[in-house]
Amino acid sequence: MLLKNSVTNESPIQLPKAIKNESEIGGMKSAHIRDAVALCEYLYWLENEVPKGTVDEISGATYLDKLRSKQADFVSLSFPTISSVGPNGAVIHYFPTEATKRQLNTDEIYLVDSGGQYLDGTTDVTRTVHFGTPTSFQKECFTRVLKGHIGLACVIFPDKTKGHQLDVLARQALWKVGLDYLHGTGHGVGSFLNVHEGPQSISSRATEDAPMQEGMIVSDEPGYYEDNSFGIRIESLVVTVKATTPNQYKNVQYLTFEPITLVPLMKKMIDTHLLTADEIEWVNAYHAQCREIIGKELEKQNKQDVLEWLKRETDRKS
């Protein structure tokens with residue numbers, strides 16, 4: 001019940017807080033580099049441990065949390081780690097318990113959605129992997145989710161465009177074959193603040209989102225969830241930046257997205273026959289960026305085994 005003199009208008013602080021300054025953006029990028037080291041180390045560890053049958057959803061999440069805690073300026077998790085295998089991955093906001101936990105294995109997809117709070121920034125990243133041989137349908141679903149992720153990551157749009165106008169870009173490859181997902185495509189992220197921060201968002205709901213502006217950070221996270229079977233989500237954070245265009249109609253500034261999250265995508269999950277040449281080049285360029293930037297940090301932290309894994313995972317795909 002509202003009090004008689006209560007104010008329900010949107011806070012005037014919300015929008016300027018969402019538009020990050022250079023220092024905040026620089027901090028977010030630095031935090032994501034260290035965070036990527038922890039996640040790459042985790043995926044490398046899983047590749048070796050899962051075939052032994054020694055990792056379950058809880059022990060895996062606990063180990064990832066431990067790896068993050070070792071990174072400089074780590075404060076806490078940004079939310080409880082979503083660590084989900086097989087049918088549990090189809091539960092969008094699943095959290096493992098002793099009663100529900102499943103063993104990681106070489107027969108089912110594993111989805112891990114996690115993040116950290118660092119003194120210089122907040123992270124939120126999802127990667128979907130398979131430690132055996134994915135089915136052709138699983139690869140198709142992953143690749144269609146990837147096409148949506150790329151479509152949104154590459155879009156150039158006029159300043160003040162609203163997120164609901166961009167949402168279809170992440171869904172159209174799924175819609176083409178009668179698939180979809182029942183959550184938003186993107187949410188704002190704070191700088192050492194809330195991992196979900198408004199007022200900007202990217203979803204099909206037209207009444208809730210604020211216009212996208214330079215400096216805003218949002219997630220790019222399409223997915224697909226096959227009930228009682230598997231879940232797929234690809235989530236990276238991106239920052240809204242000015243785009244260079246050959247024209248500038250009515251002197252309107254155009255914007256695009258620049259990736260902040262730099263963690264490889266599992267290549268064996270990708271069906272390249274479903275990708276265009278431009279999409280394949282995007283994957284290669286993204287992986288080259290992961291290799292260059294995260295590789296330097298792995299060398300700095302003397303994690304040679306993980307560096308060799310990263311080099312393998314970021315080889316060019318044709």
Side-chain angles (χ1 to χ4, degrees), residues 14 16-45 61-83 112-127 149 153 186-198 200-202 213-221 233-241 256-265 286-303 306-307 309-310 313-314:
Q14 194 174 22
K17 182 161 67 80
I19 300 172
K20 305 296 186 285
N21 59 37
E22 289 184 12
S23 179
E24 290 172 314
I25 293 171
M28 288 287 279
K29 289 180 177 180
S30 295
H32 276 77
I33 291 172
R34 301 191 305 279
D35 194 74
V37 167
L39 189 50
C40 286
E41 190 171 6
Y42 179 58
L43 294 173
Y44 164 74
W45 178 79
T62 300
Y63 188 70
L64 174 56
D65 300 348
K66 180 180 178 181
L67 292 174
R68 271 200 172 92
S69 71
K70 293 180 179 180
Q71 290 299 314
D73 294 331
F74 175 85
V75 176
S76 69
L77 300 182
S78 53
F79 58 95
T81 298
I82 297 172
S83 173
V112 57
D113 183 349
S114 63
Q117 292 281 16
Y118 301 85
L119 291 176
D120 48 357
T122 301
T123 71
D124 182 3
V125 51
T126 307
R127 289 296 181 264
H149 181 86
H187 58 83
V189 179
S191 176
F192 191 35
L193 287 169
N194 295 332
V195 72
H196 280 222
E197 177 184 271
Q200 77 276 24
S201 67
I202 300 173
Q213 298 182 51
E214 182 184 5
M216 285 182 167
I217 292 175
V218 293
S219 63
D220 175 358
E221 53 177 305
R233 185 161 63 252
I234 300 171
E235 177 185 17
S236 294
L237 300 191
V238 295
V239 59
T240 312
V241 298
T256 189
F257 294 124
E258 177 185 299
I260 297 177
T261 304
L262 296 173
V263 178
L265 306 159
Y286 178 74
H287 278 166
Q289 195 174 6
C290 293
R291 184 172 185 156
E292 178 183 357
I293 296 174
I294 309 307
K296 287 180 181 177
E297 184 65 20
L298 287 168
E299 283 188 314
K300 179 182 174 182
Q301 297 190 25
N302 197 29
K303 297 182 184 294
V306 186
L307 176 59
W309 172 89
L310 178 67
E313 292 298 309
T314 55

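FYI, the numbering just counts along the sequence from 1. Everything quoted here is computed from the prediction, not taken from an experiment.
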Distance (rounded to the nearest 0.5 Å) between [X] [atom1] and [Y] [atom2]:
X	Y	atom1	atom2	value
L262	C40	CG	SG	9.0 Å
T261	M28	OG1	CE	8.0 Å
F257	I260	CZ	CD1	11.0 Å
K20	I25	NZ	CD1	8.5 Å
Q301	L307	CD	CG	11.5 Å
E197	K17	CD	NZ	3.5 Å

With sequence neighbours excluded, residues passing side-chain hydrogen bond (donor to acceptor under 3.5 Å, both in side chains) with [X]:
X	result
T123	D35
Q117	T122
S236	R127
E221	H187, S219

Which residues pass the ring pair (Phe, Tyr, Trp, His ring centres under 6.0 Å) test with [X], not counting sequence neighbours?
X	result
Y63	W45
Y286	W282
Y42	none

Tell me, please, which residues at least two apart from R34 pass side chain to side chain contact (heavy atoms under 4.5 Å, CB included).
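Residues passing side chain to side chain contact (heavy atoms under 4.5 Å, CB included) with R34: S30, A31, Q71, A72, D73, Y118, D120, E297.
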
Salt bridge (Lys or Arg N to Asp or Glu O under 4.0 Å) partners of [X], counting only residues at least two apart:
X	answer
E258	K29
D65	none
E235	none
D113	R233

Applying side-chain contact (heavy atoms from CB on, under 4.5 Å) to V238 and V218, what does each step give before you reach the verdict?
CA-CA 6 Å; V238 295; V218 293; 3.6 Å; yes

Taking the side chain from [X] and the backbone from [Y], do they hold a donor-acceptor pair closer than 3.5 Å?
X	Y	result
K303	K300	no
S114	T81	no
H287	P264	no

Contact summary for A18 and Q200, nearest pair of heavy atoms
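Here A18 and Q200 meet closest at CB-OE1, 3.4 Å.
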
Please examine the side chains of L298 and V37, heavy atoms only from C-beta on, and report whether any two atoms are closer than 4.5 Å.
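A side-chain contact exists here, since the closest heavy-atom pair is under 4.5 Å.
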
Go through it in stages, so that I can follow the logic: the residues are T314 and I294, the test is side-chain contact (heavy atoms from CB on, under 4.5 Å), and I'd like the CA-CA distance, side-chain angles, deciding distance and then a yes or no.
CA-CA 11 Å; T314 55; I294 309 307; over 6 Å; no

